[in-house]
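This report concerns only the one structure given below.
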Amino acid sequence: MRHVLIADVEDRPGVLNRIASLFRKRAYNIESLAVGHSHRPGISRMTIVVAEDHEEAIQVTKQLDKLIEVVSVTDVTEQRHVSREMALAKIAAPEMKRTEILQLANVYRAQVVDVSPGSIILEITGDEDKIDSFVEIIRPYGILELSRTGEVAMVRGRAMPTPAMVAEEGPAA
Amino acid sequence: MKRTGAEIILDSLVAHGVHTVFGYPGGACLPLYDALYHYQDRINHILVRHEQGAAFAADGYARASGDVGVCIATSGPGVTNLVTGIAGAHMDSVPVVALTGQVPRNLLGTDGFQETDATGVMLPITKHNWLVMNAEELPRVMEEAFYIANTGRKGPVQVDVPKDVYLEEVEFDDFPPPNIPGYNPDEGMQPDPTLVRAAAEVIHGSEKPIILAGHGIHYSNAYDELLAFAEKANIPVITTLHGVSSFPESHELSFGMVGMHGNLYANWAVDRADLLISLGMRFDDRVTGRLEDFATEARIIHVDIDPAEIGKNVTTDVGIVADLKPTIRALIDEIDQLDHTPWVKQICQWREEHPSLAIRETEIVLPQWVIRQIYHITNGEAVVVTDVGQAQMWAAQHFWYDRRNTFFSSGGLGAMGYAFPAAIGVKYARPNEQVWSIIGDGGFQMTLQDLAVVKEHNVDIKIAIINNNHLGMIRQWQTLFYDSRFISARLENPDFVKLAEAYGLTGLRATSKKEVLKVLKEAASIPGPVVLDLVVDEVEKVYPMVPAGSSLAETIEGDEVEEARYA
């Protein structure tokens, strides 16, 4: 089954390499990995989706946590969380098909971000299911290029305590 | 004050009490050596003859001293030659700091002369590593390097420094205390009292418990605790290979080693136990045999400092992430005085019926007998450093380790060539002890160039080559599992005595039992390095044995060929 892990990591050269190397050497199945700056300076947040059973997911989490530059890692699969992914899709769109495609885009609340002769680029945001479904719907029109970000996730409610935050703010009341 | 990068590194070594380092210079790290010129009164640099020897020696030094071992190599081939030694330190959780030179910053990434992606190569085989891009980072990095290497689950680290960073002058006052948000080893030191109580309850409910003692006992210095715990709970102690010398083998609760070449009775005991109390070991495949059939009747209490080891290979009933010393202490307080006499007697009976360590009376020189004689001649006081293969197993089986932390071996990686350079490191860590390197004729030839080192520094170690003119374990496997189709098992060896002499060392050969006794005595009495060519039976196999893919219950004691030969 899918497990969604959120890892806060130090923003240093080579961190991504260490994580990729760990997944390679232990043969963990990675579905997606999205990384970018977090709200804290010097800390990046990664959302990692792995296709592993429960026991393996625990191992993945522990092994990630052992990496020195991984500040914290949490498996949020069982927690209430939201997750989103973004995709850009370039679709073959001869003039006669354009209206039809735009109607579909509208249904999925996809944005048109480029219109060129013969093709348009749509941007869509949603959970993985929504994007999968959108991709299937537009596939018959001819997808020229597809680029997906991979999932980013966040737990609902109060911020996840991390060691650094506990140190800064004191333990949660 | 103004300091160069190289000076900051050497100041850091001095601050951490490092007085011996093992290394090999090269273009990219010449500035470090130039700075070392002025530190020779404080830091003794041992010039090895191949960088692999530097890594092995640093590993041996670390294991024998409890401190961090330090090795130095240059960029490119220097680093790649370190790899085997560092990979071994990583597998066996040995604290080593590898200082490696790198091409100057302006050449990085240009495929410059002697450039290798050194941090990339080392990344999967170090606990952590750094490419230091300016000298200002060095005080922090060096402090973190020693801290990370020698805390938590220990391991090797690498500090890769471009040539011009060694030379860069920066303002330097002091080393900052390590501040690593993602690394807090102190957090996991004390055991959770609830789990200790849960463990005690499981122990109280057990009739056939076994303590499995591993490498962690050494690192945690938990010898007293292990002994007191075993005695109070009256539980038999069986060790892993790295657990050898963590519990006195002459103790009535000691039943030796478990695993692929463990004692039959130890393997049976683990197989039939109803509880395994696993202390600082990681259920390696050489320990468990076929995992599905490992200790099927046993509940498992697993104590380890590394959370990732709990539940990695076997499912545990009580997993405690903590340092062993306080954990065993807490367990001792929590348990009642127990009595497992029937269970202990049962294992003793197995031992009587199947004395795995009995050595046959033969005219021919058996390797096991040689090991036993080394034990006798050194009054059991030698520190033993082994290679990998048959000689390693015989040394683990037939020397009785009553003294703490006196057995060193390349366990996880199983690197041939370890025993000799590692013994050099061990000797530097324990100059007052007798250090014996027990090594096969194959393994010795992988790193024998360091004979020049022991000559140069008169490093008093005895190199006992258990010479069967074969890669013995290869021959054993080809005999047992490949229908005796021998290929690349036989070694055409040099004259080891002449070789020793060529290096200016004493070499002694023995081909009979009488000669073995004579040369061992002679070697022990010579204050200085000796190479012993101990010619033994060519076809002797290591038994007991759990064939790869079999379970501990299927341990075999010997084979028909063997029995026929000595009938």
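Chain naming here is simple, since letters A, B, ... match the order of the sequence lines and numbering starts at 1 in each.
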Kindly check if the number of other-residue, nucleotide or ligand heavy atoms within 6.0 Å of [atom1] ([X]) is above 12?
| X | atom1 | answer |
| --- | --- | --- |
| Asp186(B) | CG | yes |
| Glu136(B) | CD | no |
| Glu95(A) | CD | no |
| Lys312(B) | NZ | yes |
| Met86(A) | CE | yes |
| Met96(A) | CE | no |

Query - Residue among Arg18(A), Gln63(A), Glu69(A), Glu55(A) with most heavy-atom pairs under 4.5 Å to chain B - result: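 Counting heavy-atom pairs under 4.5 Å, the top option is Arg18(A).
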**Report entry** Over all atoms of both residues, closest heavy-atom pair of Lys25(A) and Pro124(B)
**Finding:**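 Minimum heavy-atom separation between Lys25(A) and Pro124(B): NZ-O, 3.2 Å.
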Requested in this report: First locate atom CD of Glu10(A), then atom OH of Tyr183(B), and finally report the distance between them rounded to the nearest 0.5 Å.
Outcome: 13.5 Å
Query raised in the report: About how many Å separate CD1 of Ile68(A) and CD1 of Ile148(B), when rounded to the nearest 0.5 Å?
Result: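 Separation between the atoms: 4.0 Å.
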Report summary line: So, the part of Asn184(B) with a heavy atom under 4.5 Å from chain A: the answer is neither
**Report entry** Contacting region of Ile310(B) [heavy-atom separation from chain A under 4.5 Å]
**Finding:** both
Query - Side-chain heavy-atom pair Lys66(A), Arg153(B) within 4.5 angstrom cut-off - result: yes
